[in-house]
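Taking it in order: structure first as structure tokens, then the write-up.
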Amino acid sequence: MSEDKKTFYITTPIYYPSDNLHIGHTYCTVMADAMARFKRLEGYDVRFLTGTDEHGQKIQEKAKDKGVTPQAYVDEIVDGIKKLWATMEISYDDFIRTTEPRHMKRVQDIFMRMYNKGDIYKGAYEGWYCTPCESFWTDTQAGENHVCPDCGRPVQKAHEEAYFFKLSKYADKLRELLKGGEFLQPETRVNEMIGFIDQGLEDLCISRSSFDWGIPVPIDEKHVMYVWLDALSNYMTALGYPEVDDGISSENYKKYWPADYHLVGKEIVRFHSIIWPAMLMSIEEPLPKHVLGHGWLLIDGGKMSKSKGNVVDPVVLIDRYGVDALKYFLLREYTFGQDGAFTNEVMLNRMNFDLANDLGNLVSRTVSMIEKYCGGVVPAAGADEGPDAELKEMAVTCYERVSKHMDKFAFNLALEEIWAVIRRTNKYIDETAPWVLAKDEALKGRLDTVMHNLAEALRIVSVLIYPFMHHTSAEIRKQIGAEGDVNWEDAKLFDKMVGATVKKGEAIFPRLDIAKELEELEALKAAPVKPVCTKELIEFDDFEKIDLKTGTIIKAEKHPKADKLLVFQVDFGGEQRQIISGVAGSFKPEECIGQKVVAVVNLKPRMLRGLESNGMLLYACGEDHSYKFVETKADNGIEVG
RNA sequence: CGCGGGGUGGAGCAGCUGGUAGCUUACCGGGCUCAUAACCCGGACGUCGUAGGUCCGAAUCCUACCCCCGCAACCA
């Protein structure tokens with residue numbers, strides 16, 4: 001029997017353990033977990049994979065800064081990630097780490113398959129090199145000013161020998177794949193990807209020799225593989241593909257590949273819908289059925305980032321509100337594929353209104369009444385009356401609506417349907433007014449029917465919410481006395497509870513004092529103490545070389561050919577200069593006029609998009625690129641030192 | 001003309017394979033007392049960014065424009 005079960009293979013991205021995970025990673029993993037649990041409940045043979053992508057320059061550097069080996073560095077962070085998933089009871093079947101031998105050997109094998117196919121060639125990769133840091137940077141990383149993102153010093157254009165994958169060769173097939181309409185969702189991403197292909201695919205650089213924390217290229221020991229092959233192939237290597245001589249069977253590959261769904265963030269949709277299928281085309285293996293790009297959780301209207309200090313730590317929220325409340329909120333509040341605003345207030349509102357008021361309170365009042373009116377035992381029902389039929393109908397058909405939404409990963413709508421049943425049940429209590437029935441012995445039969453229906457409705461709810469909140473499901477079942485394991489088929493029935501013994505327990509979701517919680521959450525996120533000095537020490541002579549002078553901006557305008565640049569004319573009391581700054585995001589030109597400033601005036605002149613900049617204005621610069629002028633009260637042209 | 005997303009009652013969102021706008025919350029009024037000051041009912045509040053167009057009919061399709069926000073080869 002179980003041999004014939006339909007399989008369902010779902011993956012999350014493998015996360016990059018350069019820092020601890022935040023709520024965004026949790027969001028993605030929670031969705032995958034809910035889907036995996038749902039499919040298991042529906043009877044599928046589910047394989048759920050998550051893991052970590054542990055190689056690369058950034059991790060090598062972080063480890064170096066910390067004075068540990070890269071392996072030791074990632075081990076510690078991965079340990080934290082696994083603990084987080086354990087706390088949240090993420091039901092993954094396998095956790096793959098790209099530093100594991102089972103993965104590395106297989107990636108090398110995949111490389112060789114592509115190489116032997118003639119899809120990999122040696123070429124030169126062009127980029128920017130920072131000699132003091134010995135780091136290689138891409139065009140984007142070096143930015144318009146061509147400086148090292150790390151130390152801020154100028155970088156030189158440089159060539160690095162590297163291996164390339166003939167991505168361009170697959171452009172037509174990829175376009176066809178995307179136009180098929182089934183592969184990539186949501187659909188809005190499809191046009192984006194086709195547009196990207198249409199502007200011309202370049203071959204992909206897949207190796208690096210400027211760092212060595214990676215999987216060695218099998219045919220050239222000077223190189224390690226760049227993220228593409230290394231990370232993307234995890235989805236197969238974890239299943240034991242390809243067969244290599246290490247005793248791990250590829251049975252799982254035969255069974256579960258191709259993947260049903262790769263769940264990914266919108267920023268890596270491109271890699272999963274272009275590079276990944278191209279790789280698979282090269283090694284002639286089946287393509288995943290679907291790539292799903294989910295949206296981001298935005299904080300204060302912007303992306304969460306460490307430098308802004310607005311990273312939301314899931315551990316804090318779990319400690320305070322519990323795993324289920326957090327999962328419910330994440331799944332209920334946001335629409336798959338779209339960005340959503342995360343605020344503590346939105347979260348606490350959901351927890352209070354939906355969980356405490358609607359569900360928690362319903363459980364509480366139901367169990368209390370059955371104890372009070374029926375001696376704690378769920379009675380048999382009499383004939384339907386009044387709203388009985390409507391309640392039953394809504395409850396026993398809810399699974400259909402939930403399934404329909406889950407097929408589209410519309411977790412929010414699935415939960416909304418379940419909550420419609422919960423609300424209907426609350427309403428049912430009002431309509432039937434059991435406390436009135438209880439006063440008249442002649443109405444005992446009717447009272448029993450109502451109590452029975454309430455217990456059944458709650459039992460169905462306990463089944464339906466299982467994939468999303470299995471603890472809550474269990475707690476409800478305990479309180480209403482539902483026996484046995486959760487079974488999807490039971491969501492279709494309305495007569496399982498007669499004779500069950502209810503037992504009032506703690507409130508499953510205590511009501512929160514939102515104002516107080518908001519205050520405490522705010523206090524918790526008190527900014528971590530940052531060291532004042534973040535750069536290497538310099539000699540006094542080095543400092544002496546910098547010529548700082550005061551001045552006043554007398555003219556300001558946008559750079560005609562650049563979005564981020566403002567062109568200032570600055571008066572230094574005698575001499576007037578043109579200085580360009582990348583601060584268009586922080587100021588409007590007109591509001592800068594008359595601004596007193598401090599400038600470095602012995603910086604070598606530099607052309608910026610066709611206009612010369614003669615010096616540099618000083619700003620207090622937030623890491624999120626919000627600038628504030630360093631002001632002075634001195635007259636123009638005064639030496640600063 | 002770089003690419004993309006979005007602009008819907010006070011707030012946050014859904015609707016967008018076209019047929020006179022829906023959900024949660026807040027607000028006002030009422031009901032109930034089994035329950036976690038919860039629950040239930042009713043009400044007010046929107047010319048669906050702007051201007052055109054297609055159509056018997058558009059928030060939903062087309063065109064132009066305005067305003068926010070991301071991305072521009074690796075931060076879910």
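Naming convention: chains lettered A, B, ... in sequence-line order (proteins, then strands); numbering from 1 in each chain.
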Nearest to the side chain of [X] - [options]?
{"X": "A:Tyr373", "options": "B:C34, B:C13, B:U24", "answer": "B:C34"}
{"X": "A:Ala356", "options": "B:C34, B:A73, B:U36", "answer": "B:U36"}
{"X": "A:Ile508", "options": "B:C40, B:A35, B:U36", "answer": "B:U36"}
{"X": "A:Trp296", "options": "B:C34, B:U24, B:G70", "answer": "B:G70"}
{"X": "A:Ala341", "options": "B:C34, B:C13, B:A38", "answer": "B:C13"}

Using whole Å, what does the distance between atom [atom2] of nucleotide [N] and atom [atom1] of [X] come to?
{"X": "A:Asp513", "N": "B:A38", "atom1": "CG", "atom2": "P", "answer": "11 Å"}
{"X": "A:Leu454", "N": "B:A35", "atom1": "CG", "atom2": "P", "answer": "14 Å"}
{"X": "A:Asn426", "N": "B:C32", "atom1": "CG", "atom2": "C1'", "answer": "13 Å"}
{"X": "A:Asn412", "N": "B:U24", "atom1": "CG", "atom2": "C1'", "answer": "12 Å"}
{"X": "A:Asp230", "N": "B:A73", "atom1": "CG", "atom2": "P", "answer": "21 Å"}
{"X": "A:His294", "N": "B:C75", "atom1": "NE2", "atom2": "P", "answer": "14 Å"}
{"X": "A:Trp435", "N": "B:A35", "atom1": "CH2", "atom2": "P", "answer": "10 Å"}
{"X": "A:Met369", "N": "B:A35", "atom1": "CE", "atom2": "P", "answer": "9 Å"}

Should the pair A:Phe411 and A:Phe336 be assigned to parallel (<30°), tilted (30 to 60°) or perpendicular (>60°) ring geometry?
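A:Phe411 and A:Phe336: tilted rings.
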Please work out if [X] contacts a base, only the sugar-phosphate, or nothing of the nucleic acid, heavy-atom cut-off 4.0 Å.
{"X": "A:Pro510", "value": "base"}
{"X": "A:Leu263", "value": "nothing"}
{"X": "A:Val346", "value": "nothing"}
{"X": "A:Ser368", "value": "sugar-phosphate"}
{"X": "A:Asp354", "value": "nothing"}
{"X": "A:Phe271", "value": "sugar-phosphate"}
{"X": "A:Thr366", "value": "nothing"}

For B:C41, does either OP1 or OP2 sit under 4.0 Å from a side-chain N or O belonging to A:Lys427?
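Affirmative; the distance criterion is met.
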A:Arg511 side chain near B:A38 phosphate (N/O to OP1/OP2, under 4.0 Å)
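Result: yes.
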Got a salt bridge between [X] and [Y], using NZ or NE/NH1/NH2 to carboxylate O under 4.0 Å?
{"X": "A:Glu517", "Y": "A:Arg320", "value": "yes"}
{"X": "A:Glu390", "Y": "A:Arg424", "value": "yes"}
{"X": "A:Glu416", "Y": "A:Arg332", "value": "yes"}
{"X": "A:Asp440", "Y": "A:Arg446", "value": "no"}

Provide the distance between the two [atom1] atoms, one in [N] and one in [M], to the nearest whole Å.
{"N": "B:A59", "M": "B:G7", "atom1": "C1'", "result": "12 Å"}
{"N": "B:G12", "M": "B:A26", "atom1": "P", "result": "15 Å"}
{"N": "B:C23", "M": "B:G42", "atom1": "P", "result": "11 Å"}
{"N": "B:U8", "M": "B:U47", "atom1": "P", "result": "12 Å"}
{"N": "B:G46", "M": "B:A21", "atom1": "P", "result": "13 Å"}
{"N": "B:G18", "M": "B:U60", "atom1": "C1'", "result": "6 Å"}
{"N": "B:U20", "M": "B:C55", "atom1": "C1'", "result": "15 Å"}
{"N": "B:G6", "M": "B:A44", "atom1": "C1'", "result": "29 Å"}

Who pairs with [N] - Watson-Crick or G-U, where each distance is under 3.5 Å:
{"N": "B:G42", "answer": "B:C28"}
{"N": "B:C3", "answer": "B:G70"}
{"N": "B:A14", "answer": "none"}
{"N": "B:U20", "answer": "none"}
{"N": "B:A51", "answer": "B:U63"}

Can you tell me if A:Ser368 uses its side chain to pair, donor with acceptor, with the backbone of A:Arg365 under 3.5 Å?
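Checking the backbone N and O of A:Arg365 against the side chain of A:Ser368, no donor-acceptor pair under 3.5 Å is found.
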Whichever of A:Asn349 and A:Tyr15 has its nearest RNA chain B nucleotide further upstream toward 5':
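Mapping each residue to its closest nucleotide by heavy atoms, the 5'-most match is A:Asn349.
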Closer to the 5' end of RNA chain B via nearest nucleotide, is it A:Tyr428 or A:Phe353?
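It is A:Phe353, whose closest nucleotide lies nearer the 5' terminus.
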Minimum side-chain heavy-atom gap A:Ile23-A:Leu326 below 4.5 Å:
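Sidechains of A:Leu326 and A:Ile23: in contact.
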Exactly one of A:Pro387, A:Pro434, A:Pro379 should register a side chain to side chain contact (heavy atoms under 4.5 Å, CB included) with A:Val450. Which one does?
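With A:Val450 as partner, side chain to side chain contact (heavy atoms under 4.5 Å, CB included) holds for just one option, A:Pro434.
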A:Asp430 (side chain) and B:G31 (base): donor-acceptor pair under 3.5 Å
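Answer yes: a donor N or O sits under 3.5 Å from an acceptor.
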Quick one: does A:Asn357 reach the base of B:A38 with a side-chain donor-acceptor pair under 3.5 Å?
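Between B:A38 and A:Asn357, which were checked side chain against base, a qualifying N/O pair under 3.5 Å is absent.
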